[in-house]
Novice: 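Once you've had a glance at the structure underneath, I'll fire off some questions.
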Amino acid sequence: MAERAFLGERRDELEISAVYVDTVWKHGIAAGTRCTLADYLIAFLHWRAFFLESMSLPVKWKPDEWVEICYRVFATQLQNRLSLLPLDDALRKYIHVSEDTEFDYREFSQHHFGSRMMGRRFFLTSRNRLGMGTGAMFPNDLIVVPLGCPTPIVIRVEDSGGKRFRLVGDAYLDGYIDGKAVAKWKASGKEIEKFVLI
């Protein structure tokens, strides 16, 4: 059940009860709002480099068909549009060398990433959780799930005392949507926290 109260003389502050989930540690660049292929390519390239460096993950995995197609699209388009940029072996193996007149790279990018990535960015939390959220987030923003809200939100400290926050936007964090955050909170025995949004 949602718990909230309006505060302040003008009742212009909202106190919410929420489950604290984590803190934004690092983030990739946001895909532009024009959603051009160049936006997707740069966001993909930046995020992949950032992720591999930050997490020191091996580049050896067995992607399913959809992931393989995504890598094929991005690797091929990076090669076509930024031909002087050297690609690592893991990306180079996805480059589609023959002319595939049946496959529309632009349409695939728009369909699978256009509405999902516009103005959004990937992020890592301080506990190494991977998510996607508003392009306006910064490191040290908090991720909380207000009681009664099905998805996490991103909030930013707005005063030196750390008691008042500004709503930055929404976020997707696997395992913390559709009531799962409350179930995890109940199992943990932690206290619900109060946050004042201004």
Side-chain angles (χ1 to χ4, degrees), residues 2-4 7 13-35 38-59 61 67 70 74 112-198:
E3 294 181 25
R4 77 274 181 260
L7 306 175
E13 298 178 353
L14 177 64
E15 180 184 69
I16 61 169
S17 297
V19 176
Y20 167 78
V21 176
D22 213 336
T23 303
V24 175
W25 175 47
K26 290 186 174 184
H27 60 74
I29 61 173
T33 54
R34 294 183 330 185
C35 286
D39 290 329
Y40 304 135
L41 293 175
I42 295 302
F44 170 81
L45 188 63
H46 179 265
W47 177 251
R48 186 172 184 279
F50 159 76
F51 186 70
L52 292 174
E53 175 192 20
S54 298
M55 301 300 289
S56 300
L57 292 176
V59 188
W61 61 83
V67 172
C70 290
F74 285 112
H112 291 280
F113 302 103
S115 62
R116 293 167 182 87
M117 288 296 298
M118 182 170 53
R120 301 182 72 71
R121 64 177 74 204
F122 288 108
F123 65 91
L124 287 173
T125 70
S126 60
R127 295 184 187 136
N128 289 329
R129 294 178 177 122
L130 174 64
M132 183 173 70
T134 173
M137 74 174 58
F138 290 130
N140 299 318
D141 285 347
L142 304 182
I143 305 195
V144 302
V145 180
L147 297 182
C149 185
T151 61
I153 62 171
V154 179
I155 59 175
R156 180 172 301 139
V157 174
E158 282 292 315
D159 66 357
S160 59
K163 304 249 187 234
R164 297 170 50 176
F165 301 84
R166 182 159 316 275
L167 175 65
V168 179
D170 68 320
Y172 170 82
L173 197 59
D174 193 41
Y176 290 90
I177 60 168
D178 297 328
K180 293 178 184 172
V182 172
K184 288 180 182 191
W185 159 72
K186 287 179 179 177
S188 74
K190 291 182 182 176
E191 296 287 323
I192 286 289
E193 297 185 43
K194 303 267 187 193
F195 300 90
V196 176
L197 302 179
I198 56 171

Novice: Which ring-ring contact (aromatic ring centres under 6.0 Å, His included) pairs, counting each pair once, include a residue from residues 130-149, with sequence neighbours left out?
Specialist: none
Novice: Can you name the residues that form a salt bridge (Lys or Arg N to Asp or Glu O under 4.0 Å) with Arg164, not counting sequence neighbours?
Specialist: Glu13
Novice: Holding to side-chain hydrogen bond (donor to acceptor under 3.5 Å, both in side chains), I want the full list of residues that pass it with Thr125, two or more places apart in sequence or in another chain.
Specialist: Asp22
Novice: Find out whether Pro152 and Ile177 are in side-chain contact, i.e. whether some heavy atom of one side chain is under 4.5 Å from a heavy atom of the other.
Specialist: yes
Novice: Residues two or more places apart in sequence or in another chain: which of them pass side chain to side chain contact (heavy atoms under 4.5 Å, CB included) with Ser160?
Specialist: none
Novice: Which residues pass the side-chain hydrogen bond (donor to acceptor under 3.5 Å, both in side chains) test with Asp159, not counting sequence neighbours?
Specialist: none
Novice: Please name all residues satisfying side-chain hydrogen bond (donor to acceptor under 3.5 Å, both in side chains) with Arg166, sequence neighbours left out, ordered by chain then number.
Specialist: none
Novice: Mind jotting down which residue pairs meet the side chain to side chain donor-acceptor pair (under 3.5 Å) criterion with at least one end in residues 146-155? Sequence neighbours excluded, please.
Specialist: none
Novice: Measuring from Ile153:CD1 to Ile143:CD1, what's the distance to the nearest 0.5 Å?
Specialist: 10.5 Å
Novice: Among all residues two or more places apart in sequence or in another chain, which pass the side chain to side chain contact (heavy atoms under 4.5 Å, CB included) test with Lys184?
Specialist: Tyr176
Novice: Is the shortest side-chain heavy-atom distance between Asn140 and Val24 below 4.5 Å?
Specialist: no
Novice: Side-chain donor-acceptor contacts of residues 186-193 below 3.5 Å, not counting sequence neighbours, with atom names and distances?
Specialist:
from   : atom 1 : to     : atom 2 : distance (Å)
Ser188 : OG     : Trp185 : O      : 2.8
Ser188 : OG     : Lys190 : N      : 3.1

Novice: What I'd like to find out is whether the side chain of Pro139 reaches to under 4.5 Å of the side chain of His27, using heavy atoms alone.
Specialist: yes
Novice: Report the residues that fulfil side chain to side chain contact (heavy atoms under 4.5 Å, CB included) with Ala136, sequence neighbours left out, ordered by chain and then residue number.
Specialist: Thr134, Val168
Novice: Who passes ring pair (Phe, Tyr, Trp, His ring centres under 6.0 Å) against Phe195, sequence neighbours left out?
Specialist: Phe165
Novice: Starting at CH2 of Trp25, measure out to CG of Asn128 and round the result to the nearest 0.5 Å.
Specialist: 6.0 Å
